[in-house]
Amino acid sequence: MATTSHHTTLIIGGGSAGISVAARLRRAGSVDVGLIDPAETHYYQPLWTLVGGGCAPLASSARPQAGVMPAGVAWIRDRAETIDTDNQIVTTGGGARIGYDHLVVCPGIQLDWTTIPGMGEAVTTPWVSSNYTYDLAPKTWEMIRSLRSGTAVFTMPAGPIKCGGAPQKIAYLACDFWRRHGVLDDIRVVLVLPTPALFGVPEFADVLATVVARYGIEVRLNSELTEVDPESRRAVVIDHATGVTDDIGYDLMHLVPPQSAPDWIKKSPLADPTSPAGYVSVDKHTMQHTRYSNVFSLGDASSSPNAKTGAAIRKQAPVVVANLLSVMNGQPAARQYDGYASCPLTTARNKMLLAEFDYTMRPHPTFPPWLVNAQRERRDMWYLKRYGLPLMYWNLLLKGRA
């Protein structure tokens, strides 16, 4: 079957990674860039935590996809379904066969709602929500502001997820709201984390320990949600350190589903054969595929072991573009990504802890410590999260300028 079209560079995915790479390629003079994505709306997903916490309007997180697509990029409004790496062809859901010389794979991450029994059904009930979807984030806020007593459970799954701090951030926003309204003492707050500490970098974990103590949060470390009974409003949590399970009744629960690469990526020759989550196998420094030199991947679907955040994409995109252009010119991929990621942890309705780190899992601050002490809660960092980062996203990142 003949190809429908062909592009020198073909990008799969029109999220922050795909759009920023496309913009950078166009700014570098690349004239034949195609981008496959079916979405009509582009979302700034980091804002959904603030929407769920009642601190931002939902509409401000969405803009038309056409408005963020870089000029001169051929937008294929379809969904990629298969990749033939031998013949360098991507097939779409609509039946198009698109050839490529070089491929950038960044389709994002999928939410696996059916992995935990009862989870998919639970989020359809009035007592359970998740800030991980556009439609459910406002429901989270309705639940928080309506609760005056009872038990509130906030969960995080094992394995990589996008915005790994989000399961905690909404708990802190909720607790601050309840404290301000004088009802926090009447609410049992349970935070279920699969990790052995509140955060992987000790300096930030220590700050978060003071936050959970301030709110009186019951933290279950090394623990994970294994089942939900929506009818009886019961959550089963296992402590992996002891093997003991606990059945917790809830009046409010914020769920974060397990996540993995899209199923079609898992089945593709690009998937990491050692990873059950099926992420695209890349060199963690160059972002080049480990087996196909003309393929790169970045963002949530890549196997790089950094935190899956928008800040990571901001640092990965220039590395991918520089290395891609080098490969096009017959040169090796020499530009290096150091694993930088940033997690803006909202600890109150006017405070934020800006956790920045890299592959070493040590602090990697953008601002000099003598100028900005990022290892404490700060009001100015709250304004950065609420207003500065969205402005940077829409006006700089998506335009290949940051």
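Computed from a predicted structure; not experimentally measured.
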Asker: Is there a side-chain contact between Met143 and Trp127 in this structure, where contact means two heavy atoms from C-beta onward sitting under 4.5 Å apart?
Answerer: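 No; the side chains remain at least 4.5 Å from each other.
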
Asker: Could you check whether any side-chain heavy atom of Asn294 comes within less than 4.5 Å of a side-chain heavy atom of Asp101, counting everything from C-beta outward?
Answerer: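 Asn294 does not reach Asp101 side chain to side chain.
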
Asker: For the pair His285 and Tyr359, name the ring-plane relationship: parallel under 30°, tilted 30 to 60°, perpendicular over 60°.
Answerer: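 Because their plane-to-plane angle is over 60°, the rings of His285 and Tyr359 count as perpendicular.
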
Asker: Classify the side-chain pair Thr91/Glu81 by whether it contains a donor and acceptor separated by less than 3.5 Å.
Answerer: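 There is no such pair between these side chains.
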
Asker: Considering non-hydrogen atoms only, spot the tightest contact between Thr49 and Lys169 and give its length.
Answerer: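 Scanning both residues, the minimum pair turns out to be CG2-CB, 3.8 Å.
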
Asker: Restricting to non-hydrogen atoms, name the atom on Ile265 and the atom on Gly278 that form the minimum distance, rounded to 0.1 Å.
Answerer: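 For Ile265 versus Gly278, the nearest heavy atoms are CG2-O, 3.4 Å.
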
Asker: Measuring only between side-chain heavy atoms, which start at C-beta, is Pro257 closer than 4.5 Å to Asp112?
Answerer: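 Pro257 vs Asp112: side chains apart.
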
Asker: Do Lys162 and Gln259 have side-chain atoms, one donor and one acceptor, less than 3.5 Å apart?
Answerer: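 No donor-acceptor contact under 3.5 Å links the two side chains.
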
Asker: Could you check whether any side-chain heavy atom of Arg24 comes within less than 4.5 Å of a side-chain heavy atom of Arg401, counting everything from C-beta outward?
Answerer: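 Result no, sub-4.5 Å side-chain heavy-atom pair not found.
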
Asker: To the nearest 0.5 Å, how far apart are OH in Tyr292 and CG in Asp86?
Answerer: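 With rounding to 0.5 Å, OH (Tyr292) is 6.0 Å from CG (Asp86).
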
Asker: Taking Arg234 as the fixed residue, which of Asp247, Asp246, Asp251 is the one that meets the salt bridge (charged side-chain N to carboxylate O under 4.0 Å, His left out) rule?
Answerer: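 Exactly one candidate clears the test, Asp247.
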
Asker: Going by distance alone, is a donor N or O of one side chain under 3.5 Å from an acceptor N or O of the other, for Lys266 and Ser260?
Answerer: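 A donor-acceptor contact under 3.5 Å links the two side chains.
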
Asker: Using only heavy-atom distances, determine whether the side chains of Asp272 and Thr274 contain a donor-acceptor pair under 3.5 Å.
Answerer: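 Yes.
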
Asker: Between Thr140 and Asn131, is there a side-chain donor-acceptor contact under 3.5 Å, judged purely by atom types and distance?
Answerer: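 The criterion, which ignores hydrogens and geometry beyond distance, is satisfied for Thr140 and Asn131.
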
Asker: How about Phe177 and Trp141: are their ring centres within less than 6.0 Å of each other?
Answerer: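 Distance test on ring centres: under 6.0 Å, yes.
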
Asker: Just by distance, no angles: are the side chains of Thr290 and Ser281 close enough, under 3.5 Å, to form a donor-acceptor pair?
Answerer: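 The criterion, which ignores hydrogens and geometry beyond distance, is satisfied for Ser281 and Thr290.
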
Asker: When you measure from the centre of the six-membered ring of Trp178, is the NZ or CZ of Arg180 under 6.0 Å away and within 45° of the axis?
Answerer: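 Judged by the rule, Arg180 and Trp178 form no cation-pi pair.
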
Asker: Flag yes if more than 12 heavy atoms outside Lys385 fall under 6.0 Å of its NZ atom; otherwise flag no.
Answerer: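 Yes, the 6.0 Å shell around NZ holds more than 12 heavy atoms from other groups.
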
Asker: Which heavy atom of Pro390 sits nearest to which heavy atom of Leu47, and what is that distance?
Answerer: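 The pair with the smallest heavy-atom distance is CG-CD1, 4.3 Å.
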
Asker: Does the side chain of Asp186 pick up a donor-acceptor pair with the side chain of Ser149 at under 3.5 Å?
Answerer: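 No, because no side-chain N or O of Asp186 sits under 3.5 Å from a partner of the opposite role on Ser149.
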
Asker: Quick one: sort the Phe199 and Phe357 rings into parallel, tilted or perpendicular, breaks at 30° and 60°.
Answerer: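 It falls in the perpendicular class, over 60°.
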
Asker: Between Tyr132 and His254, is the ring centre distance below 6.0 Å?
Answerer: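 Tyr132 vs His254: aromatic centres not under 6.0 Å.
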
Asker: Roughly how far apart are Thr151 OG1 and Arg233 CZ, rounded to 0.5 Å?
Answerer: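 The OG1 atom of Thr151 sits 10.5 Å away from the CZ atom of Arg233.
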
Asker: Going by heavy atoms in the side chains, are Val190 and Val192 under 4.5 Å from each other?
Answerer: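 Val190 reaches Val192 side chain to side chain.
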
Asker: Return yes if a side-chain donor-acceptor contact under 3.5 Å exists between His240 and Asn222, otherwise no.
Answerer: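 Judged by distance alone, the side chains do not pair up.
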
Asker: How would you list, by chain and number, every residue that makes a side-chain hydrogen bond (donor to acceptor under 3.5 Å, both in side chains) with Ser146, sequence neighbours excluded?
Answerer: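 Per chain and number, Ser146 pairs via side-chain hydrogen bond (donor to acceptor under 3.5 Å, both in side chains) with no residue.
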
Asker: For Trp264 and Thr82, does a side-chain donor sit closer than 3.5 Å to a side-chain acceptor?
Answerer: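 Checked: Trp264/Thr82 side chains show no N/O donor-acceptor pair below 3.5 Å.
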
Asker: Calculate, to the nearest 0.5 Å, the distance between atoms CG and CZ belonging to Asp206 and Arg376 respectively.
Answerer: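 Taking CG in Asp206 and CZ in Arg376, the distance rounds to 16.0 Å.
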
Asker: Would you check if Gln88 and Leu103 make a side-chain contact, meaning some heavy-atom pair closer than 4.5 Å?
Answerer: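 They are not in contact (no side-chain heavy atoms under 4.5 Å apart), so the answer is no.
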
Asker: Return yes if a side-chain donor-acceptor contact under 3.5 Å exists between Asp229 and Ser232, otherwise no.
Answerer: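 Note: Asp229 and Ser232 side chains meet the donor-acceptor criterion.
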
Asker: Do Leu25 and Leu325 have side chains that get closer than 4.5 Å, going by heavy atoms?
Answerer: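 Of all side-chain heavy-atom pairs linking Leu325 with Leu25, at least one is under 4.5 Å.
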
Asker: Rounded to the nearest 0.5 Å, what's the gap from SG on Cys106 to CG on Asp300? Could you check?
Answerer: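 It is 10.0 Å, given to the nearest 0.5 Å.
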
Asker: To the nearest 0.5 Å, what is the distance between OG on Ser297 and CG on Asp283?
Answerer: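 So the gap between those two atoms works out to 12.0 Å.
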
Asker: Check whether any side-chain heavy atom of Thr9 lies under 4.5 Å from a side-chain heavy atom of Tyr100, and answer yes or no.
Answerer: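 Of all side-chain heavy-atom pairs linking Tyr100 with Thr9, none is under 4.5 Å.
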
Asker: State, without any angle test, whether His364 and Glu356 hold a side-chain donor-acceptor pair at a distance under 3.5 Å.
Answerer: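 There is no such pair (donor and acceptor under 3.5 Å, judged by atom type) between the side chains of His364 and Glu356.
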
